[in-house]
Q: 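Below: one structure in structure tokens.
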Amino acid sequence: MSQTTPLPRQAAPSGRRELPEAPFLAAARGERPARTPVWFMRQAGRSLPEYRALREGVPMLDACFDPEMLAEITLQPVRRHGVDAAILFSDIVVPLKAAGVDIDIVPGTGPVAAAPVRDLAAVKALPELEPEQVSKVADGIRLLVERLGETPLIGFAGAPFTLASYLIEGGPSRNHEHTKALMHSEPELWHQLAGRLADVALTFLRAQLDAGVDAVQLFDSWAGALSERDYREFVLPHSAKVLAGVADHGVPRIHFGVGTGELLAAMRDAGADVVGVDWRIPLDEAVRRLGHSGRAPEKIAVQGNLDPALLHASWPVLEAEVRRIVEEGKAADGHVFNLGHGVLPGVDPDVLTRVVGLVHEL
């Protein structure tokens with residue numbers, strides 16, 4: 001049974017733009033707009049020369065807290081590619097850094113925590129996030145709302161499991177051994193940690209929504225490391241808390257993870273209006289699995305799911321894949337074309353622009 005309120009279609013709250021014609025928002029509501037909308041995870045970033053020029057000499061997290069810079073970086077792929085949605089330039093560790101956690105993004109590695117969180121004292125020492133601590137992010141969103149015209153803006157946060165994994169492991173992990181060991185050996189401690197991180201994610205998303213974002217995405221990047229049983233017991237309640245906590249804003253809630261083909265129904269049960277699908281299963285099969293969710297009577301919307309590596313393939317190969325995915329996406333009530341993960345740094349930006357044009361033609 002669904003743990004959250006179904007997505008209402010309602011007037012935008014005061015301060016949020018009215019975008020009744022936006023294809024992205026229509027598809028996210030489970031509708032069929034005139035064209036299939038498309039945007040790309042990591043569309044703003046290292047694949048763009050204008051991004052590299054702007055970021056030169058500026059640490060990642062510094063850029064995330066500079067309103068003018070984060071707004072400009074967010075806008076770059078909208079201008080270049082003509083995508084149907086912008087996604088806020090940020091990182092899942094931004095709210096942790098803002099709250100005072102000693103964590104940084106190490107080039108070539110990713111998020112690294114100075115002191116792993118593996119006991120009760122460390123969990124209790126985690127600070128809470130206050131909205132004013134991410135006020136610069138909110139300022140950047142307000143700039144974007146002024147400059148994006150009719151293009152919707154997606155805000156995002158990291159899900160409790162993925163945030164916890166970075167804190168417990170101390171950084172990226174292939175096997176998540178410390179995380180899984182703590183989860184099973186000390187379930188009460190795990191739920192305390194995940195609950196605190198759910199509060200952090202929820203505060204961050206609410207700050208973005210109050211500033212004017214038009215949709216939100218909850219990234220549970222590493223949830224695919226779990227079985228469905230473990231996901232439902234240890235993860236779903238905390239992700240559901242986050243997604244339920246933003247339901248009253250009436251915007252689409254997207255939930256995405258990598259390697260989550262066996263978790264799709266559970267991720268929908270957590271409260272997702274749109275479920276992101278990576279490249280490992282076809283979209284029509286994903287829709288079939290989502291139909292076994294407790295929310296089955298509602299419309300099913302999916303996002304995805306081109307393999308990012310295929311952006312390096314020849315155009316005939318890539319074109320065939322794009323056409324296949326658009327066709328398979330018709331099995332859903334609504335389909336937002338995207339990659340099955342993020343844009344790789346070495347991708348030719350012109351290829352992305354060409355993919356956008358093809359999707360819009362189909």
Side-chain angles (χ1 to χ4, degrees), residues 7-29 33 37-45 48 50-51 54-55 61-92 94-95 98 129-158 201-219 242-243 245-254 273-274 303 336 338 356:
L7 175 68
R9 184 176 181 181
Q10 59 187 45
S14 177
R16 182 169 299 115
R17 296 171 296 163
E18 293 275 9
L19 301 172
E21 304 302 321
F24 163 75
L25 295 175
R29 291 192 297 262
V38 53
W39 70 277
F40 305 109
M41 287 179 280
R42 293 187 191 151
Q43 63 188 15
L48 299 183
E50 56 265 43
Y51 168 82
L54 186 61
R55 270 282 318 279
L61 288 177
D62 286 359
C64 292
F65 286 99
D66 182 323
E68 191 64 49
M69 184 172 286
L70 76 84
E72 171 59 24
I73 293 172
T74 302
L75 284 163
Q76 287 175 346
V78 179
R79 295 193 198 104
R80 179 184 275 264
H81 303 310
V83 288
D84 293 288
I87 184 163
L88 181 69
F89 176 73
S90 188
D91 190 89
I92 64 171
V94 160
L129 177 68
E130 301 296 335
E132 58 267 24
Q133 292 173 312
V134 289
S135 61
K136 291 186 181 298
V137 176
D139 289 342
I141 291 169
R142 294 185 186 98
L143 292 175
L144 283 161
V145 169
E146 294 173 359
R147 298 172 185 178
L148 274 167
E150 298 299 307
T151 303
L153 175 62
I154 305 167
F156 74 89
L202 182 53
T203 297
F204 190 39
L205 286 180
R206 284 175 172 166
Q208 295 175 55
L209 286 159
D210 289 344
V213 300
D214 306 291
V216 293
Q217 178 157 309
L218 190 65
F219 280 90
V242 178
L243 292 167
V246 297
D248 60 349
H249 285 79
V251 306
R253 297 161 294 174
I254 310 167
D273 305 302
V274 184
Q303 179 176 277
V336 177
N338 207 309
V356 172

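Everything quoted here is computed from the prediction, not taken from an experiment.
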Q: Distance-only, no hydrogens or angles: does the Q43 side chain make a donor-acceptor pair with backbone N or O of A85 under 3.5 Å?
A: yes

Q: Considering all heavy atoms of both residues, which atom of A138 and which atom of A211 are nearest to each other, and what is their separation?
A: O-CB, 3.7 Å

Q: Report the C-alpha distance between T74 and L153 in whole Å, list the side-chain angles of each, state the deciding distance to 0.1 Å, and finish with yes or no for side-chain contact (heavy atoms from CB on, under 4.5 Å).
A: CA-CA 9 Å; T74 302; L153 175 62; 4.0 Å; yes

Q: Between F204 and F156, is the ring centre distance below 6.0 Å?
A: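 Between F204 and F156, the centre distance exceeds or equals 6.0 Å.
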
Q: Passes salt bridge (Lys or Arg N to Asp or Glu O under 4.0 Å), R55 versus E72? Steps please.
A: CA-CA 11 Å; R55 270 282 318 279; E72 171 59 24; over 6 Å; no

Q: Provide the closest heavy-atom pair for V78 versus A86 in the form atom of the first, atom of the second, distance.
A: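 That would be CG2-CB, 3.7 Å.
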
Q: Quick one: pull up CG in L148 and CZ in R17 and give me the separation to the nearest 0.5 Å.
A: 5.5 Å

Q: Do L48 and P77 have side chains that get closer than 4.5 Å, going by heavy atoms?
A: yes

Q: Quick test of your reading of the model: are E68 and R147 salt-bridged, counting only N-O distances below 4.0 Å?
A: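 Between R147 and E68 there is a salt bridge, with a charged N closer than 4.0 Å to a carboxylate O.
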
Q: Is there a side-chain contact between H81 and V38, using heavy atoms and a 4.5 Å cut-off?
A: no

Q: Evaluate side-chain contact (heavy atoms from CB on, under 4.5 Å) for R142 paired with V145, printing each intermediate quantity in order.
A: CA-CA 5 Å; R142 294 185 186 98; V145 169; 5.6 Å; no

Q: Specify the closest pair of heavy atoms between D214 and P152, including all atoms of both residues, with the distance to one decimal.
A: OD2-CA, 3.4 Å

Q: Look up atom CD in Q76 and atom CZ in F89, then write down how far apart they are to the nearest 0.5 Å.
A: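 Separation between the atoms: 9.0 Å.
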
Q: Using the rule given for side-chain contact (heavy atoms from CB on, under 4.5 Å), can you reason through L88 versus I154, listing the C-alpha separation, both sets of side-chain angles and the distance that settles it, and then say yes or no?
A: CA-CA 6 Å; L88 181 69; I154 305 167; over 6 Å; no

Q: Taking D91 for the side chain and C64 for the main chain, is one N or O donor matched with an acceptor at less than 3.5 Å?
A: no

Q: Could you check V137 against V94 for side-chain contact (heavy atoms from CB on, under 4.5 Å), going step by step and ending with a plain yes or no?
A: CA-CA 9 Å; V137 176; V94 160; 4.2 Å; yes

Q: For E21, does the CD atom sit with more than 12 other heavy atoms under 6.0 Å from it, leaving out its own atoms?
A: no

Q: Got a second to check how far L70's CG is from L144's CG, nearest 0.5 Å?
A: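 Reported value, rounded in 0.5 Å steps: 6.5 Å.
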
Q: Short question: side chain of D84, backbone of P23 - any donor-acceptor pair under 3.5 Å?
A: no

Q: To the nearest 0.5 Å, what is the distance between CH2 on W39 and CD on Q303?
A: 5.0 Å

Q: Can you spot which of P33, P20, P252 makes a side chain to side chain contact (heavy atoms under 4.5 Å, CB included) with L25?
A: P252

Q: When you measure from the side chain of D273 to the backbone of R253, do you find a donor-acceptor pair of N or O atoms at a distance under 3.5 Å?
A: yes

Q: Measuring only between side-chain heavy atoms, which start at C-beta, is L209 closer than 4.5 Å to V251?
A: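 They are in contact (side-chain heavy atoms under 4.5 Å apart), so the answer is yes.
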
Q: Output yes when K136 and D66 qualify as a salt bridge under the 4.0 Å nitrogen-oxygen rule, no when they do not.
A: no

Q: How long is the span from the CG atom in L129 to the CZ atom in R206, to the nearest 0.5 Å?
A: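 Here the interatomic distance stands at 12.0 Å.
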
Q: With E150, which residues qualify under salt bridge (charged side-chain N to carboxylate O under 4.0 Å, His left out), at least two apart?
A: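 Checked E150 against salt bridge (charged side-chain N to carboxylate O under 4.0 Å, His left out); zero matches.
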
Q: Side-chain contact test, heavy atoms from C-beta onward, threshold under 4.5 Å: evaluate it for V356 versus F40 and give yes or no.
A: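 Yes. Closest side-chain heavy atoms under 4.5 Å.
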
Q: Working to the nearest 0.5 angstrom, can you tell me the gap between L54 CG and E50 CD?
A: 9.5 Å

